[in-house]
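Within every chain, numbering begins at 1; the chains are lettered A, B, ... in the order of the sequence lines, protein sequences first and strands thereafter. All values below were derived from every heavy atom in this structure, side-chain atoms included, with hydrogens, water molecules and symmetry-related copies excluded.
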2 protein chains.
Amino acid sequence: MTIKGKPTSLDIAHLAGVSQPTVSRALRGSPMVSPETRRRILAIARELNYKVDKNASNLRCQQSGTLALLFFEEPAPDDASINPFFLSMLGSITRACAQRGFDLLISFQQLSSDWHADYEDSHKADGIILLGYGDYLEARTRLQQLVEQGTRFVRWGAALPGQPGVSIGCDNYQGGLDVGHHLLARGCRRIAFLGDASEHYPEFQERYRGLAAALTAAGLAADPDLQVDAVTTEQAGFEAATALLQGGAEFDAVFAASDLIAIGAMKALHEHGLRVPEDVAVAGFDDIPLASFVTPGLTTVQQDTRQAGTILVESLLALIAGEAAGSRTIPARLVLRGSTGA
Amino acid sequence: MTIKGKPTSLDIAHLAGVSQPTVSRALRGSPMVSPETRRRILAIARELNYKVDKNASNLRCQQSGTLALLFFEEPAPDDASINPFFLSMLGSITRACAQRGFDLLISFQQLSSDWHADYEDSHKADGIILLGYGDYLEARTRLQQLVEQGTRFVRWGAALPGQPGVSIGCDNYQGGLDVGHHLLARGCRRIAFLGDASEHYPEFQERYRGLAAALTAAGLAADPDLQVDAVTTEQAGFEAATALLQGGAEFDAVFAASDLIAIGAMKALHEHGLRVPEDVAVAGFDDIPLASFVTPGLTTVQQDTRQAGTILVESLLALIAGEAAGSRTIPARLVLRGSTGA
DNA sequence: CTGAAAGCGCTTACAG
DNA sequence: CTGAAAGCGCTTACAG
């Protein structure tokens, strides 16, 4: 007997001399199949390289065994500009999905496009993971829509009160506080902050608040002139630091809202003949792989991406299973390297 | 009329007072539907936020509208160690898929695991894109299996004669040649190569061959003692350069098989008190985003990831459509920066 | 322990 | 231009 095209469970059934449902049961490990029958079926299935058709089983079961990962980044002109931190998250999310037998569908979406719930509505995914340092105030409306439509989703971001849906994020405030304390302990007094510190970017805002709290505790105040907006790219960090230098601002340290910003800032400092850390100490946030490989190594705040990915996936699976899942904050950890003289 | 759960085409049909197939036709833009009927159906569909159930339509049409992207990297202990170059490819592949209305399923696989054709056999994907600097000789057997099973796939890699399946790669030989010529023109005579140069890694081997050809053309010879194996990580580059330095090797330039290796090597040189480019010139390969942001900027060979992603997707879609598709090589472009004194 | 039956939500000939 | 019918390949009550 020759089978044209991919084998189906009916083909296996004919070959094994049983009914098609029995094949299905055997393949799914149902206890209601005799060991002998199961063995025969599995052997044939293996020989034919049979794989259950996911479209059929998903249709029947009304679920997909797939999660969708959506990046909602600022419109980026070039493909290469994905933040390495998120790519590290991507790795751990992929792994967490695989461990639980879920596939991962990914998509890089503009904040502006009309993706909301598309993946779930079309049954392509059972739930959605949102990742990205986008403008929170713009994203908020869409998150609200998702909640109203009953879409299952979790997002990586500042886990603050009053947000729609489930957010998993690290303790940005504590991280900023730690960096502030550290820089102050190294003798820095005028600490510039590179990154948006408004409610548009709650994570950066929290980091800035942590820094400001450290300054206040030391009897100092955060100087608004030393805060320069920057999105999360080396280029933005380079430009922000350059602007600060050309504006004649005086500072002895830079706390960048992300490592990419910090690396761009270090380049600008270098080009202006300033030494790191002798003239200006620099600290970042994220601990991307390259943070330890720039010269000098970059002091930064590590976010545990492995843990983050696991929690994101587990929280989403809980939502899908109809269980409760709340927002959570994971710890941040200061990592000392040469850029602050450590 | 209230609908429980997600609306189906049958719900729309009832509401519009037509049959269910007519709804399907209208939604798919069939010309065999009167404008008036179509308008009514589309309005209702929009209002109910109806989306075609992909599982059902895929089952019916026997295709998935999805491509699978599989990374087959060396077993990596930590999630963060994905080569930024591939992540850049990931971005362009995602975009190319989206433009053509295909979804992208991704998976990070070990070379050792038993994924071959799993995605396609289970109808989860119509075809597979393979990405990774794995050991080619190990991968080869699996590629051969894929070809035999009739799986549609394309891979990024050295497009050399005699390989199973379709390979898309850049002109590694020309890139290595360009780097060699450039370093020689800067006065370098003893050029170390960091990276495996055996047939296990044909891309690296080609880069090395290019370098060797440049040396030969200048009346010099490649010194085997100056070639040190290294996989594509900063750590490996750091270790390879350190080994070279501690072994007392004399060299005035380093050509790293990838930017990550180069960045690790630069750190090692720095720690040994050697200046780049004054004491040792350094060049890499890939032009990852950070290459321009390390200090000094890294001279490297750019592979056009946008074009690569587009060609990979187009070639795969051609295979899926039953058309012929062959291996292709895309140009490499030397990018000069401070690390070679440019 | 196994089989006959129904049905998941679509798409596509086949009639009219 | 539209509808009735069949069927994609599964899974899961329901009988026995």
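One can place CG of B/Leu10 at 9 Å from P of C/dC8, the figure rounded to the nearest angstrom. Distance, A/Arg28 CZ to D/dC10 P: 12 Å, rounded to whole Å. Taking atom CG of residue A/Leu59 and atom P of nucleotide D/dG7, one finds them 17 Å apart after rounding to whole Å. When rounded to the nearest whole Å, the span between CZ of A/Arg25 and P of C/dG3 equals 8 Å. If you measure from atom CE of B/Met32 to atom C1' of D/dA4, you get 14 Å, rounded to the nearest angstrom. Following rounding to the nearest Å, A/Arg39 (CZ) and C/dC1 (C1') show an atom-to-atom distance of 15 Å. Note: NZ (A/Lys6) to C1' (D/dG9) measures 14 Å, nearest angstrom. The nearest whole Å value for the distance from the CG atom in B/Leu27 to the C1' atom in C/dC10 is 11 Å.
In the set D/dC10, C/dG9, C/dG3, D/dC10 carries the atom at the smallest distance from any side-chain atom of A/Val52. Of the candidates C/dA5, D/dC10, C/dT2, C/dA5 carries the atom nearest the A/Pro21 side chain, counting heavy atoms from C-beta on. Ranking D/dT11, C/dT2, C/dC1 by closeness to the A/Pro35 side chain, first place goes to C/dC1.
Residue whose closest nucleotide on DNA chain D sits further toward the 5' end, between B/Cys61 and A/Gln20: B/Cys61. Nearest-nucleotide positions on DNA chain D place B/Gly17 closer to the 5' end than the other of A/Ser57 and B/Gly17. Residue whose closest nucleotide on DNA chain C sits further toward the 5' end, between B/Ser9 and A/Val33: A/Val33.
A donor and an acceptor atom, one from each side chain of B/Asp126 and B/Ser64, are located under 3.5 Å apart.
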Bracket string, DNA chain C, 5' to 3' - pairs by Watson-Crick or G-U geometry under 3.5 Å, | interstrand: |||.||||||||.|||
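Side-chain N/O atoms of A/Thr37 include one lying less than 4.0 angstrom from OP1 or OP2 on C/dT2. The side chain of B/Tyr50 contributes an N or O atom lying less than 4.0 Å from OP1 or OP2 of C/dC10. The shortest distance between the side-chain N/O atoms of B/Arg60 and the OP1/OP2 oxygens of C/dT12 is not below 4.0 Å. When the side-chain nitrogen and oxygen atoms of B/Gln62 are compared with OP1 and OP2 of D/dG7, none of them lie within a distance under 4.0 Å. Under 4.0 angstrom from either OP1 or OP2 of C/dG3 there lies at least one side-chain N or O belonging to A/Ser19. Contact annotation: A/Ser34 side-chain N/O to C/dT2 OP1/OP2 distance is under 4.0 Å. Between B/Thr22 and D/dG3, a side-chain N or O to OP1/OP2 separation shorter than 4.0 Å is present.
At least one donor-acceptor pair under 3.5 Å links the side chain of A/Arg40 to the backbone N or O of A/Ala16. Using modelled atom types, one side-chain atom of B/Gln163 and one backbone atom of B/Ala158 make a donor-acceptor pair closer than 3.5 Å. A donor-acceptor pair under 3.5 Å links the side-chain atoms of B/Arg38 to the main chain of B/Ser30, judged by distance alone. Panel note: side chain A/Arg142, backbone A/Glu138; no donor-acceptor pair is recorded below 3.5 Å.
Screening A/Thr22, A/Ile12, A/Leu42 for a side-chain contact (heavy atoms from CB on, under 4.5 Å) with A/Leu27, the sole residue that qualifies is A/Leu42. For the side-chain contact (heavy atoms from CB on, under 4.5 Å) test with A/Cys97, the passing option among A/Leu67, A/Leu316, A/Leu312 is A/Leu67; the others fail.
Nucleic acid contact class of A/Ser24 (heavy atoms, under 4.0 Å, all strands): base.
Ring geometry for A/Trp156 against A/Phe85 counts as tilted: the plane angle lies between 30° and 60°, on a 0 to 90° scale.
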